[in-house]
Amino acid sequence: MTKDVEVEEQRGGGEYSAKDYHEPPPAPFFDAEELTKWSFYRALIAEFIATLLFLYITILTIIGYSHQSDTTIKGNTQCDGVGILGIAWAFGGMIFILVYCTAGISGGHINPAVTFGLFLGRKVSLVRALLYIVAQCAGAICGTGLAKGFQKAYFDRYGGGANFVHSGYNKGTALGAEIIGTFVLVYTVFSATDPKRNARDSHVPV
């Protein structure tokens, strides 16, 4: 259990602040000025490319595993292929790499749920949130299209690598799992970008 330590810093004029961190001001609700900046369009391109690569790699990983473990094909067994753990590593590894590459450009959202959550938290403006979501959806469509274009037969045979409700579970359970998973994702993003984090973890040697 950790104890929060607040450090008083003297300001000009003799006033003291109890905060040992800097809280950035909330983003404006509607900031049309962003549309005039090249950095904003560069961020949109980064979100588009990152989402494209994420969908392309992960969908092909799922399709490849489905083909390698397809027991209707002679010589295949359920133990062939990268397995569920390999698919998880593909998703986690890709999101790690892409967030690392784009965090300094666009914030590394790569997910409309993350963008929407940051908009509700007043971290991004409405203009940025909407255009980020458009860029992410466009990137996802193009990434899926590339996967289908390169592996059309396998893509059609294995349903494009799309999620489905497994036997023994109903749609309500699947919906609950998706809600919980998305909550954990957005919660992790907010925790990792909290300005208090660096101040409170400053005693941890890294």
Quick one: side chains of residues 180-188, donor-acceptor pairs under 3.5 Å with protein atoms, not counting sequence neighbours, listed by atom name and distance.
residue, atom, partner, partner atom, Å
Thr182, OG1, Glu178, O, 2.8
Thr188, OG1, Val184, O, 2.7

Exercise. From Glu34 CD over to Tyr41 OH, what is the distance, rounded to the nearest 0.5 angstrom?
Worked result: 10.0 Å
Exercise. Do the non-hydrogen side-chain atoms of Asp156 and Lys152 ever get within less than 4.5 Å of each other?
Worked result: yes
Exercise. Any side-chain heavy-atom pair from Glu33 and Thr36 closer than 4.5 angstrom?
Worked result: yes
Seminar exercise, completed: When rounded to the nearest 0.5 Å, the distance separating CG of Leu35 from OG of Ser125 is 8.5 Å
Exercise. When you check the side-chain N and O atoms of Thr115 and Gln136, is any donor under 3.5 Å from an acceptor?
Worked result: yes
Exercise. Do Val114 and Ile110 come within less than 4.5 Å of each other through their side chains, counting heavy atoms only?
Worked result: no
Exercise. With a 4.5 Å limit on heavy-atom distance, are the side chains of Leu146 and Leu55 in contact?
Worked result: no
Exercise. Between atom CD of Glu47 and atom CG of Leu98, what is the distance when rounded to the nearest 0.5 Å?
Worked result: 10.0 Å
Problem set entry | Pairwise side-chain contact, Trp89 with Thr61, heavy-atom cut-off 4.5 Å (strictly under) | no
Exercise. In Å, rounded to the nearest 0.5 Å, how long is the span from OG1 of Thr144 to CD1 of Ile59?
Worked result: 3.5 Å
Exercise. From Asn111 CG over to Tyr132 OH, what is the distance, rounded to the nearest 0.5 angstrom?
Worked result: 13.5 Å
Exercise. So which of Ile95, Val99, Ile97 actually passes side-chain contact (heavy atoms from CB on, under 4.5 Å) with Phe54?
Worked result: Ile95
Problem set entry | Residues in side-chain contact (heavy atoms from CB on, under 4.5 Å) contact with Ile141, at least two apart in sequence or another chain | none
For this session: Hey, could you give me the CD1/OG distance between Ile87 and Ser66, rounded to the nearest 0.5 Å?
Result: 6.5 Å
For this session: Indicate the ring-plane relationship of Phe119 and Phe116, choosing parallel, tilted or perpendicular according to the 30° and 60° boundaries.
Result: tilted
For this session: Measure the shortest side-chain to side-chain distance between Ile62 and Tyr158 over non-hydrogen atoms and say whether it is less than 4.5 angstrom.
Result: no
For this session: Would you indicate whether Tyr169, at its atom OH, is surrounded by more than 12 heavy atoms from other residues, nucleotides or ligands within a distance under 6.0 Å?
Result: no
